[in-house]
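Taking it in order: structure first as structure tokens, then the write-up.
Per chain, numbering begins at 1; letters A, B, ... match sequence-line order.
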Amino acid sequence: VLDVDLRVAQALDEVVPRYHERGDWEAVKRAARRDAPRRAAAALAIAAAAVLALAWPFAGQRAGVLERALAAVGDGPVVHAIFRAGTGQIDEVWYEPGRGLLRMARDGRPREYFPWSNDRPEFPWANDDSPEGFALFLRVTGLAESYRNALESGRARVLGEDELDGVRVHWIDGGTVWRLDGADVRDVWGLHVAVSRETYRPVAVRMTRDGEQWPSGTARILLFETLPEGAFPVEGRPAPP
Amino acid sequence: VGATADDVERLYRERFPVFLRVAVAIVGDEEGARDAVHDAFVRALRHRRRWRGDGSLEGWVWQIVVNEARKRHARDARFVVVVPAEPSTNGHSGEGRVAALVAALPERQRLVLFLRYYADLDYAAIAAALEIAPGTVAATLNAAHGKLRAQLKEVETC
């Protein structure tokens with residue numbers, strides 16, 4: 001006997017409506033017919049372009065914007081970055097998935113450390129009193145993970161060209177960084193990254209909230225480097241400065 | 001063994017709205033859910049000969065659909081935070097409130113509920129879809145019922 005609870009059934013009916021559409025079987029058949037070897041060849045070509053860009057990052061038109069941006073971002077798990085926010089505040093941060101986020105003081109000593117816990121850093125999430133802190137978290141985790149994932153998976157796209165403080169850049173959509181799902185709220189924070197048209201390294205970042213630019217999220221990137229495992233500067237929680 | 005293209009097509013045509021409904025529940029938006037169902041059936045059609053016939057074809061396809069939907073839900077954002085439900089202040093349990101109660105359940109409990117209620121699958125098919133034992137399905141469903149009933153009651157009596 002299957003256990004079915006009417007109250008639960010009614011509640012679930014409220015959550016997702018019933019659908020009556022029939023789908024598109026022809027589209028499924030067309031997609032399934034695509035030749036597997038051709039798809040493998042396309043994947044190889046993308047990998048080859050990335051290798052080419054890694055080997056010759058300034059090789060003219062040999063690689064596309066996204067492949068060169070991927071090559072420029074590097075593949076080390078540790079991220080070290082310095083941002084200058086729109087307010088003029090400068091922040092130096094270290095971030096490593098699985099370890100945590102370290103914010104440095106102006107004198108170069110550790111200021112705050114948010115160790116990894118429960119699949120993310122213990123960060124003061126969406127604290128209304130600290131939009132700058134939240135923006136900093138979004139920037140560094142977005143660059144370290146969402147942007148790199150978007151480039152690697154082919155989901156990133158070039159939004160257009162621009163000029164920032166005399167530097168010609170491409171803006172790239174770096175995907176979704178953080179999402180809040182709840183009864184009365186559904187916030188989606190995304191990331192746009194400006195890369196230099198000369199070096200393809202990230203030079204600025206802006207955050208979007210539900211598709212709109214979020215004023216607190218824009219910052220220049222004064223330094224962005226990815227480093228190998230073991231480069232994170234602390235083993236445990238540092239002593240308070 | 002293995003399924004034919006006609007078998008997969010028949011399943012798609014007969015059950016698409018149900019696949020879509022479960023995918024919406026997992027992914028959280030209709031567009032992503034449509035893509036997930038589409039991609040899952042493309043995979044099922046391509047790999048139909050891998051179906052070993054030791055369970056129902058539908059259970060095997062559900063496994064692919066659930067995996068595609070879960071991947072799609074996870075891939076866009078590295079950090080997804082589900083806001084827990086707060087007690088109702090007006091005595092009503094609105095759609096959003098119930099959605100939050102469901103969202104706050106552990107993932108396996110949610111998936112079992114969706115497959116049981118939205119897809120009307122039996123324990124064996126749910127077990128095949130989630131690659132767990134039928135006994136685990138019963139226990140998980142029981143736990144989800146208990147938790148939801150208690151929370152719904154709490155919301156309704158506020």
Side-chain angles (χ1 to χ4, degrees), chain A residues 1-5 7-34 36 39 97 119-121 123 125-126 137-138 141-142 144-146 148-150 153 155 175-190, chain B residues 5 8-9 12-13 16-22 24-25 28-30 33-34 37-39 41-46 48 75-86 93-103 113-114 116-118 120 122-123 138 141-142 144-145 148-149 152-153 156:
Chain A
V1 177
L2 294 173
D3 185 7
V4 173
D5 182 296
R7 181 65 194 97
V8 171
Q10 287 169 352
L12 287 170
D13 264 342
E14 293 174 24
V15 176
V16 179
R18 290 171 191 274
Y19 291 88
H20 302 286
E21 58 193 87
R22 306 171 69 90
D24 186 350
W25 176 250
E26 294 305 317
V28 172
K29 271 202 308 190
R30 278 197 303 275
R33 268 200 301 263
R34 280 182 210 138
R39 283 185 287 113
D119 207 29
R120 54 180 176 252
F123 200 79
W125 304 96
F137 165 81
L138 291 177
T141 58
E145 300 194 78
S146 312
R148 200 147 48 170
N149 289 343
S153 67
R155 293 197 311 276
T176 304
V177 181
W178 203 72
R179 194 171 65 222
L180 189 68
D181 284 342
D184 306 315
V185 61
R186 184 178 169 84
D187 279 347
V188 179
W189 278 272
Chain B
V8 181
E9 178 179 358
Y12 183 92
R13 292 192 186 283
F16 178 82
V18 180
F19 282 110
L20 178 60
R21 193 180 191 199
V22 171
V24 169
D29 72 85
E30 289 186 9
R34 280 193 188 85
V37 175
H38 171 88
D39 290 351
F41 268 90
V42 169
R43 288 178 66 83
L45 191 55
R46 275 195 191 129
R48 61 187 180 276
R75 81 172 197 193
D76 288 341
R78 175 67 183 79
F79 304 107
V80 179
V81 172
V82 175
V83 182
E86 291 175 9
S93 59
E95 179 183 323
R97 193 73 57 200
V98 175
L101 294 178
V102 174
L113 278 179
F114 296 155
R116 176 70 201 104
Y117 285 91
Y118 292 154
D120 198 25
D122 60 24
Y123 288 179
L141 190 58
N142 191 42
H145 276 155
L148 263 188
R149 276 189 208 122
L152 287 167
K153 195 174 177 183
E156 285 164 356

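- Of the inter-residue distances, the one linking A/His20 atom NE2 with B/Arg21 atom CZ reads 9.0 Å to the nearest 0.5 angstrom.
- When all heavy atoms are compared, the tightest approach of B/Phe16 to A/Glu21 is CD2-O, 3.4 Å.
- No side-chain heavy atom of A/Val16 sits less than 4.5 Å from a side-chain heavy atom of B/Tyr117.
- Across every non-hydrogen atom of B/Tyr118 and A/Leu12, the tightest pair is OH-O, 2.6 Å.
- Judged by distance alone, with hydrogens and angles left aside, the side-chain atoms of A/Arg18 form no donor-acceptor pair with the main-chain N or O of B/Pro17 at under 3.5 Å.
- Aromatic ring orientation, A/Trp25 versus B/Phe41: perpendicular (interplanar angle above 60°, classes split at 30° and 60°).
- With a 4.5 angstrom heavy-atom cutoff, B/Ala5 touches chain A only via backbone atoms.
- When the shell of 6.0 Å around CZ of B/Arg43 is examined, it contains 12 or fewer heavy atoms from other residues, nucleotides or ligands.
- One distance of note links NE2 of B/His38 with CG of A/Asp24; it measures 8.0 Å at 0.5 Å rounding.
- Residues forming a salt bridge (Lys or Arg N to Asp or Glu O under 4.0 Å) with A/Arg22 (at least two apart in sequence, or on another chain): none.
- If you measure heavy-atom distances from A/Gln10 to chain B, you find no contacts under 4.5 Å at all.
- For the atom pair CZ of B/Phe19 and OH of A/Tyr19, the computed distance is 15.5 Å after rounding to the nearest 0.5 Å.
- Ranked by heavy-atom pairs under 4.5 Å with chain A, the list B/Val18, B/Leu148, B/Leu113, B/Leu20 is led by B/Leu20.
- B/Val37 does not touch chain A: none of its heavy atoms, backbone or side chain, sits under 4.5 Å away.
- Put simply, of B/Asp39, B/Val102, B/Val42, the one with the most heavy-atom pairs under 4.5 Å next to chain A is B/Val42.
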